[in-house]
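Below, all heavy atoms of this structure are taken into account, side chains as well, without hydrogens, waters or symmetry copies. The structure presented is a predicted model; accordingly, all values stated were derived computationally and were not measured. Just so we're on the same page: letters track the sequence lines, and every chain starts at 1.
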There are 2 protein chains.
Amino acid sequence: MLDKIEIALLSALENDARLSFAELGDKVGLSKTPCWSRVRDLEKRGIINGYRAELDPAAIGLNIHAFVQVTLESAKHVEFEAVVQRHPSIVRCFATAGDGDYLLQVLVSTIADLDRLLRVEISRLPGVDRISTTVCVKTVKHRTSIIDCMR
Amino acid sequence: MLDKIEIALLSALENDARLSFAELGDKVGLSKTPCWSRVRDLEKRGIINGYRAELDPAAIGLNIHAFVQVTLESAKHVEFEAVVQRHPSIVRCFATAGDGDYLLQVLVSTIADLDRLLRVEISRLPGVDRISTTVCVKTVKHRTSIIDCMR
DNA sequence: CCTGAAACAGCGCTGAC
DNA sequence: GTCAGCGCTGTTTCAGG
């Protein structure tokens, strides 16, 4: 599925997406031509989804980071997901098996913002029965490369 | 704290970290020199933490995505965090306020891997009292740019 | 599959304005 | 902020192992 060179390419690009193909080639032991074509191939196969600048939330004033477990009372999944998609403070949303139907990851500036988000924006969403919030007090680990999970 | 041009730069780079400074300049209405110096400044201020290729976990065989809430019985935080840091399948770890002391995000290939991770690797970690696992069955939303949370 | 060379436009980066 | 400039890079194509 993935050979050693592809894994090396992915690992390098997960650490620094702005590497030039010459630098990339040095890291994986390839000249820039095959290096370029293999990266292009990884993009076409949907393995590389894009290249993103990683920002520090706290550095731009997003000091509150929380997880919200949502339980729906009724089959309002479509409406609920639509609202979630368009809400700017909801960074991620996962449908889950276990307690709760959804897990939301939210990012806001102040506790007042969090309060408003939870009590007036999420709780009143169509079909929401119960929410349970967990505030993140420290980021212990933030792995930048998921390719290491494969070993 | 951040002016309009900086927000535009961050937004553009969160969508495509491989943009050249000339392309970036076009998007924000700047020539490439000030564009370059402002991005460099954003990096030095710690607002831009790096540039990462975003991979599709499922495309590389990481089919199981789960969240694990961990409660510690004793003051073994240091040892626990050290093990978490070095475990390849644990992508993220947050210390939390609320039910549970930590929230782990894990990525593995198969249910068997998840079972082993939970029952032999995490449960037996120093000080672990209770764990509660939530499996992600669908990613509803995965916002690539957090700069939108600021409005 | 890979390398190496050649080509050109465009790039990162510096310095002067 | 702008502009001009240097050397190197990205991308493509080609010939060859």
Side-chain angles (χ1 to χ4, degrees), chain A residues 1-57 59-61 142 144-151, chain B residues 1-62 109 142 144-148 150-151:
Chain A
M1 189 176 196
L2 288 176
D3 63 26
K4 283 202 164 192
I5 290 179
E6 287 169 326
I7 291 176
L9 287 171
L10 294 173
S11 177
L13 286 173
E14 281 198 305
N15 282 321
D16 185 0
R18 296 204 65 141
L19 284 171
S20 72
F21 289 109
E23 292 168 311
L24 210 45
D26 284 347
K27 283 188 191 277
V28 306
L30 237 54
S31 64
K32 63 180 181 172
T33 307
C35 190
W36 174 84
S37 62
R38 289 176 87 127
V39 170
R40 192 160 168 277
D41 189 50
L42 288 166
E43 292 167 356
K44 295 220 162 170
R45 286 155 69 190
I47 293 172
I48 296 177
N49 259 330
Y51 303 92
R52 322 277 175 213
E54 182 185 298
L55 310 191
D56 178 0
I60 57 176
H142 187 102
T144 112
S145 74
I146 67 169
I147 195 78
D148 300 334
C149 300
M150 293 192 59
R151 67 142 197 76
Chain B
M1 192 174 193
L2 288 176
D3 63 27
K4 282 204 163 189
I5 290 180
E6 288 169 326
I7 290 177
L9 287 170
L10 293 173
S11 177
L13 286 172
E14 280 197 306
N15 283 320
D16 185 0
R18 299 205 64 144
L19 284 172
S20 71
F21 289 110
E23 291 169 311
L24 211 44
D26 285 346
K27 283 187 190 277
V28 306
L30 237 53
S31 63
K32 62 181 182 172
T33 309
C35 190
W36 174 84
S37 62
R38 290 176 87 125
V39 171
R40 192 160 170 277
D41 189 50
L42 289 166
E43 292 168 354
K44 295 220 162 171
R45 285 155 70 191
I47 292 171
I48 296 176
N49 258 331
Y51 304 92
R52 322 277 174 212
E54 182 184 297
L55 310 191
D56 178 0
I60 56 175
L62 296 168
S109 295
H142 187 101
T144 115
S145 74
I146 67 170
I147 195 77
D148 300 334
M150 292 192 58
R151 68 146 194 74

* Have a look at B:Gly25 and say if it touches a base, only the backbone sugar-phosphate, or nothing, with a 4.0 Å heavy-atom cut-off. => nothing

What I want to find out is whether A:Lys27 reaches A:Asp16 closely enough, with some N-O distance under 4.0 Å, to be called a salt bridge. no

Here the pair of heavy atoms bringing B:Leu19 nearest to B:Ala12 is CD1-O, 3.8 Å

Separation of C:dC1 atom P from A:Leu30 atom CG, nearest Å, is 12 Å

Between CD of A:Glu6 and P of C:dC1 the distance, given in whole Å, is 10 Å

On a heavy-atom basis, the closest approach of B:Asn49 and B:Gly46 is OD1-O, 4.1 Å

Smallest heavy-atom separation, B:Val28 atom then B:Ala8 atom, equals CG1-CB, 3.6 Å

Check your understanding: With a distance cut-off below 6.0 Å to the six-membered ring centre and an angular limit of 45° from the axis, does A:Arg18 pair with B:Phe21 as a cation-pi contact?
Key -> yes

Closest non-hydrogen atoms of A:Gly25 and A:Cys35, given as atom of the first, atom of the second and distance, are N-SG, 3.6 Å

For A:Arg45 and A:Met1 the tightest heavy-atom approach is NH2-O, 2.9 Å

Tabulated below should be each protein N or O lying under 3.5 Å from an N or O of nucleotides 11-15 of chain C; please produce it.
unit_1: C:dC11; atom_1: OP1; unit_2: B:Ser20; atom_2: OG; d: 3.1
unit_1: C:dG12; atom_1: OP1; unit_2: B:Phe21; atom_2: N; d: 3.3
unit_1: C:dG12; atom_1: OP2; unit_2: B:Phe21; atom_2: N; d: 3.1
unit_1: C:dC13; atom_1: OP2; unit_2: B:Trp36; atom_2: NE1; d: 2.5
unit_1: C:dC13; atom_1: O5'; unit_2: B:Trp36; atom_2: NE1; d: 3.4

Per-residue pairing states of DNA chain C in dot-bracket (Watson-Crick or G-U under 3.5 Å; . unpaired, | other strand) read |.|||||||||||||||

note: A:Leu24, atom CG; D:dT9, atom P; distance rounded to Å ~ 13 Å

Residues at least two apart in sequence or cross-chain that pass salt bridge (charged side-chain N to carboxylate O under 4.0 Å, His left out) with A:Glu14, listed by chain then number, are none

